[in-house]
There are 2 protein chains.
Amino acid sequence: MKDSYHHGNLRNALIEAGLKIINESGEDALSLRKVAAACGVSHAAPYAHFADKESLIEAIKKKVTDDFTEELERSVHAPGVTNSVEAILSMGEAYIMFFRNKPDYFNFLFNKQKIQVHTDMTKEYEDDYPPFLLFRNLIKKFFEENHVELPADQQEIMLLKTWSAVQGLSSIASMEGVEVKTPWEVLARECIKGGE
Amino acid sequence: MKDSYHHGNLRNALIEAGLKIINESGEDALSLRKVAAACGVSHAAPYAHFADKESLIEAIKKKVTDDFTEELERSVHAPGVTNSVEAILSMGEAYIMFFRNKPDYFNFLFNKQKIQVHTDMTKEYEDDYPPFLLFRNLIKKFFEENHVELPADQQEIMLLKTWSAVQGLSSIASMEGVEVKTPWEVLARECIKGGE
DNA sequence: TGATAAACTTTACACTGTCAAGATTCATTT
DNA sequence: AAATGAATCTTGACAGTGTAAAGTTTATCA
């Protein structure tokens with residue numbers, strides 16, 4: 001992979017190596033020099049691809065967010081998901097289980113991350129935070145399927161009711177020291193219920 | 001405050017100075033040497049009071065958590081809080097507004113913090129995470145006031161339903177780039193409703 | 001082929017956490 | 001009151017860090 005002066009794919013290699021370090025030793029253990037060394041490259045080489053350490057971390061966050069988003073998308077195509085209510089429950093469960101399985105990702109993803117979100121359901125906002133966009137579209141679909149006509153502020157409340165339940169249980173599920181009797185999959189669905 | 005070789009109250013001064021730096025410049029800007037300098041003390045002096053940087057940060061976290069807990073306790077004594085439902089709503093609102101007013105505290109408090117929590121309502125767990133304890137006791141009070149007799153797993157679900165709504169809206173309220181039309185105080189109450 | 005840009009290395013510097021050894025003060029006992 | 005040991009603080013050192021500057025190698029393209 002490193003047979004010449006030029007690495008060839010250093011940018012991606014740095015992201016990959018960085019993610020590996022974070023997975024194995026936590027975000028604190030991430031240093032530009034270690035990442036560079038892991039790619040067999042000098043300690044200043046990353047600066048050809050990233051302005052600073054923060055930029056590399058942001059790129060890693062983007063990759064994790066992409067994986068996360070893909071997992072959410074897959075969840076609505078699971079067997080048994082035939083209507084929008086089940087889709088919301090299935091995606092909410094996937095959301096929560098993602099962070100239950102990778103507890104450190106919760107803070108890693110949401111810390112210092114500017115997350116653009118619009119709760120207005122009448123327009124399209126392509127640049128909004130993708131996981132949120134998926135939820136927003138599902139709620140919208142739910143309204144359409146069930147011919148629900150609510151005033152804008154009630155729609156906003158319903159949207160945030162669902163998202164906060166999911167976000168909150170994810171936060172709790174990612175905490176060390178929290179032991180619950182009920183399986184997280186069941187808790188997920190129970191906590192989301194009531195909004196719709 | 002520093003008129004002799006011995007500082008006299010260095011431990012608290014370090015915590016205070018550290019918190020000030022975090023409030024003004026963020027957690028990343030916190031360094032032991034800066035904290036020491038702010039207290040007019042040599043760079044290695046903190047090691048007489050804290051094992052390492054992490055220990056100081058933990059002490060700062062404890063202080064912020066104590067303030068947070070006090071604010072929650074105050075909220076249930078607000079005028080208009082006459083029953084347990086209103087108490088839950090009032091405390092939930094206070095919880096969320098705390099993080100809305102100090103967005104950076106959300107990640108600061110919950111990141112890498114081992115938070116002990118028991119959802120079993122039949123026993124007392126004094127060492128549990130204090131803000132959670134307050135919630136648990138309010139839910140318990142609600143059951144007693146309304147003579148609700150639910151099986152243990154249903155009680156657990158109700159508890160986590162409430163806490164996840166509060167925790168989730170706090171997480172969302174602490175995000176940069178999230179703009180909502182409804183006031184957060186209203187959202188708070190709306191999101192908590194439905195559990196009880 | 002030659003010029004220009006991109007990718008990478010080397011060197012350097014300031015800042016960081018932490019350790020070890022020493023200096024000063026406090027507290028307690030005698 | 002004097003002495004002794006513990007607590008507190010200083011000084012000096014070291015390895016690891018992010019990052020800037022200047023130089024070297026390779027790729028690209030006219």
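Values reported hereafter were calculated over all heavy atoms of this structure, with side chains retained and with hydrogens, waters and symmetry mates removed. All of these numbers come straight from a predicted model, not from anything done at the bench. Throughout, protein chains are lettered first and strands after them, A, B, ... in sequence-line order, and every chain is numbered starting at 1.
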Distance, rounded to the nearest Å, where B:Leu10 contributes CG and D:dA7 contributes C1': 12 Å
Whole Å only: how far is the OH atom of A:Tyr47 from the C1' atom of D:dT19? 4 Å
Side chain of A:Val41 - closest among C:dC8, C:dG17, D:dG12: C:dC8
With rounding to the nearest 0.5 angstrom, report the CG to CG distance, B:Leu133 to B:Leu138. 11.0 Å
Locate the shortest heavy-atom distance separating A:Tyr95 from A:Gln167; write the atom from each residue and the value. OH-OE1, 2.6 Å
What is the distance, to the nearest angstrom, from the CZ atom on A:Phe50 to the C1' atom on C:dC8? 15 Å
Between C:dG17 and B:Arg33, counting only base atoms on the nucleotide and side-chain atoms on the residue, is there a donor-acceptor pair under 3.5 Å? yes
Return the orientation label for the B:Phe106 and B:Phe99 ring planes: parallel under 30°, perpendicular over 60°, tilted otherwise. perpendicular
NZ of A:Lys53 versus C1' of C:dT16: gap in Å, rounded? 12 Å
Can you find a donor-acceptor pair, distance only, under 3.5 Å between A:His43 side chain and D:dG16 base? no
Among C:dC19, D:dT17, C:dC8, the nucleotide that comes nearest once only the side chain of A:Ala45 is considered: C:dC8
Nearest heavy atom decides the nucleotide; on that basis, is A:Ala44 or A:Lys34 closer to the 5' end of DNA chain D? A:Lys34
Examine D:dT17: is either OP1 or OP2 under 4.0 Å from a nitrogen or oxygen in the side chain of A:Ser31? Give yes or no. yes
If you check every side-chain atom of B:Ser42, which of C:dC8, D:dC9, C:dG17 has the closest atom? D:dC9
Taking everything shown except B:Lys140 itself, do over 12 heavy atoms lie less than 6.0 Å from its NZ? yes
From CG of A:Leu32 over to C1' of D:dA20, roughly how many Å is that when rounded to an integer? 13 Å
Would B:Lys102 and B:Tyr105 count as a cation-pi pair here, with the cationic atom under 6.0 angstrom from the ring centre and within 45° of the axis? yes
Consider the side chain of A:His49, meaning its heavy atoms from C-beta on, and name the nucleotide among C:dT10, D:dG18, C:dA7 that approaches it most closely. C:dA7
Measure from CD1 on B:Ile57 to C1' on C:dG17 and round the result to the nearest Å. 11 Å
Using whole Å, report how far CG of B:Leu14 lies from P of C:dG17. 13 Å
Expressed as a whole number of angstroms, how long is the span from A:Asp28:CG to D:dG16:C1'? 14 Å
